[in-house]
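Basis for what follows: all heavy atoms, side chains included, without hydrogens, waters or symmetry-related copies. All values derive from a computational prediction rather than experimental measurement. Throughout, numbering of the chain's residues begins at 1 and tracks the sequence.
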Amino acid sequence: MKNLIRIGRLQTWFWILALGFIGCAPKPQNSAMSYSEFIRLESALGVPTEATQECGTACQGLRREFRFVVYVGKQIYCYWEEKKAETGIRFDELAENLEYRISNETSPTEYYRILMQWAAAFHDGHVNAMHKDDRSDLEIYTSLVRLEVFGAGTDHEKVYVVESKSENLAAVGDEVLAVNEVSTGEALKNLDQFVSGSTARMRHYNGVKRLVDAVGIAQAVPLNLKLRGSNGVVRNVSLQRNVEMSPTLSKGLAANAPPATGMENFKAQVLPGEIGYLRIDAFTGEQSYALLEQAMHRLARTKGLLIDLRKNGGGDPSGDQILSRLTSKNIIRYRVSERISDFLIAARPEYFGLPIQPGALFADWHNREVSPSPAPDTYVGKPVVALISPRCFSACDTFTAALQANGLATVVGEPTGGGTGTPHVFDLPISGHKFRYSVVSGRTALWAPIEGRGTTPDIWIEPTIRERISGQDLQLEAALRVLNDKIGGSNGQLSSQRLALENLGAAPYFQGFGMSPTLVDEIEVRNISSFDEI
């Protein structure tokens, strides 16, 4: 019987492989294959989809939807071969195994976890499963502590408790040695199975927060931590998990929708010593271009500029408004080559005008350029410092790469998340979820890869647990010190500069307990997806 099941699997995946290579030939030219057309093509090719005792009609529907996700990836994903070589994962084999984990007993949350696992396998922060509007079936269990990794992706990586509502059990500053009897190092590696991220540092930096969460009732055991306190004493604590209530977004735009203007993402301040500070948490919002133009105009008379990008997960190319103020000549933001298929050209008609060689799977490489601003009050020739972190991703990654490659700023902090791809989002008709893949390969102006690499800072400045304990932003102070030195200013003004910045609200590293880290990540991906480098 097992051999028969195995033969059935191989037959199914033979046809899926065939579909991947055949592409969209059976359908009209330049027409994206809909889910219904995919079903008809599967039926015509004899792919087995009949209900069985272990997988009834509903189960078969989810399996077919999952095959559609895989099929679309073969049609549009721009890094398929690179990621297969980089990760060593046999994607077709993984897809087969994940599909046959779907059974009559698979809950909605378990199916979503399967989609998450498929997305995470590519080690690409632009490949994500995105939950449907109604999140009532997304079972999340969270704990009243928050964790952060310091030195993400380095040989001195450590995890600490940075916020706690159970100070009698887990105090801020406690080092986490193990999570649920798994060493912290192994726990961080295990994140690769369910956390999308283009580099290990990004997966660890973002994923460590989700170690406090359990997704699915089967995982909802107490959170057991092995901690080492500041006094060196090691102890084991057990923290009960709370049920996370997930908001529903089914009735129009809800509270978690992207801000209408983008104002919430931008903070600007003129600091003592005539230093400009511009914090950009995302390049999103209907007026992001205009708001950044205003900010640069009003900071134009400062002697030096610090751009804080530590919380910036990407968005649209509105950072061009800053780049244009920093240069007196045309510059290359980054170089791109779009994945080409009938499916993608139909979904993105703008691809029709690209330079494409006959039969090519990618468009010819071409440049995304930025021209100098016509405004009289530019920032050309003044010192600029950009503060980055592994959370800086997508449009933030290409923005930072442009600053460094064109010599427009000194980049300080930790390496970026390492991703560019201009993702394409499509609907999943059975489950109601969405999925997305990167569709545009990117390189820096100097032809260096961005995806999986990112930008290494000119000056490496890591945050420390000391500042989390004290509540100060010493990493920001270190970046201000670099800028003060560049303009010949006095570092004696650091304390007054810090006081001025306290009026801007919560620091970028603050997590809070308003929502579980898993839900925060899911909402942020959803909110930014409609702006991602469009």
Side-chain angles (χ1 to χ4, degrees), residues 16 19-20 22-42 61-80 83 91-92 94-95 98-99 102 108 111-122 124-135 138 196 249-250 257-258 314-316 338-352 361-362 394 419-441 522-534:
I16 294 301
L19 290 173
I22 289 171
C24 298
K27 63 179 186 55
Q29 186 179 8
N30 297 325
S31 171
M33 178 173 284
S34 67
Y35 181 67
S36 59
E37 288 172 324
F38 174 76
I39 291 174
R40 286 197 294 271
L41 182 56
E42 273 203 335
L62 290 179
R63 285 187 177 182
R64 180 181 284 162
E65 178 182 85
F66 181 75
R67 291 199 299 274
F68 181 65
V69 171
V70 177
Y71 168 76
V72 173
K74 288 176 176 289
Q75 295 299 303
I76 72 174
Y77 184 46
C78 62
Y79 296 116
W80 187 284
K83 294 296 185 179
F91 294 135
D92 297 313
L94 174 63
L98 290 176
E99 179 191 341
I102 302 170
Y111 177 64
Y112 189 63
R113 281 172 57 86
I114 287 172
L115 292 174
M116 290 169 64
Q117 190 168 350
W118 173 249
F122 291 93
D124 184 336
H126 280 126
V127 180
N128 307 94
M130 301 163 63
H131 202 273
K132 59 186 176 182
D133 289 345
D134 182 359
R135 296 191 180 94
L138 183 57
S196 294
L249 303 181
S250 56
D316 61 35
E338 292 83 354
R339 174 72 167 89
I340 298 300
S341 68
D342 285 351
F343 186 105
L344 202 48
I345 288 178
R348 296 198 171 202
E350 64 270 22
Y351 283 20
F352 279 111
L361 296 179
F362 289 87
S394 191
T420 182
T422 312
H424 176 70
V425 180
F426 58 99
D427 295 323
L428 306 185
I430 303 300
S431 64
H433 304 318
K434 297 177 185 292
F435 204 89
R436 69 176 191 166
Y437 291 102
S438 305
V439 299
V440 180
S441 297
E522 200 277 336
I523 289 173
E524 286 188 354
V525 168
R526 178 193 177 102
N527 286 353
I528 210 167
S529 64
S530 60
F531 293 98
D532 262 327
E533 297 193 64
I534 52 177

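The structure places OG of S529 at 6.0 Å from CZ of R436, a figure rounded to the nearest 0.5 Å. Atom CE of residue M116 and atom OG of residue S196 lie 8.0 Å apart, to the nearest 0.5 angstrom. Taking CG of N128 as the start and CZ of R526 as the end, the distance is 13.0 Å to the nearest 0.5 Å. Between atom CG of residue L62 and atom CD of residue E99 there is a gap of 10.5 Å, rounded to the nearest 0.5 Å. To the nearest 0.5 angstrom, D427 atom CG is 9.0 Å from F68 atom CZ. With rounding to the nearest 0.5 angstrom, the CE atom of M130 is 11.0 Å from the CZ atom of F426.
Here the side chain of E338 pairs no donor or acceptor atom with the backbone of Y351 at under 3.5 angstrom. Between the side chain of Y437 and the backbone N or O of V69 there is at least one donor-acceptor pair closer than 3.5 Å. Between the side chain of H433 and the main chain of K132, a donor-acceptor pair closer than 3.5 Å is present.
Ion pairing of R67 with E42 is present here, as a side-chain N (NZ or NE/NH1/NH2) and a carboxylate O approach within less than 4.0 Å.
In this structure, D124 and Y77 have side chains that are in contact, with non-hydrogen atoms separated by less than 4.5 Å. Looking only at side-chain heavy atoms (C-beta outward), F91 and K83 come within less than 4.5 Å of each other. Residues V440 and T420 are not in side-chain contact: their nearest non-hydrogen atoms beyond the backbone lie 4.5 Å or more apart.
The nearest pair of heavy atoms linking G432 to E65 is N-OE2, 4.5 Å. Of all heavy-atom pairs between A129 and F435, the closest is CA-CD1, 3.8 Å. Nearest approach of S341 to Q75, heavy atoms of both residues: OG-O, 3.0 Å. Nearest heavy-atom pair across W118 and L94 is CE3-CD2, 4.0 Å. H424 approaches A347 most closely through the heavy-atom pair CE1-CB, 3.5 Å. Between Y112 and E522, the shortest heavy-atom contact is OH-CG, 3.6 Å.
With sequence neighbours left out, the side-chain contact (heavy atoms from CB on, under 4.5 Å) criterion links L361 to R339. Legend: residues meeting side-chain contact (heavy atoms from CB on, under 4.5 Å) with I114, ordered by chain and number and at least two apart, are F66, L98, R101, I102.
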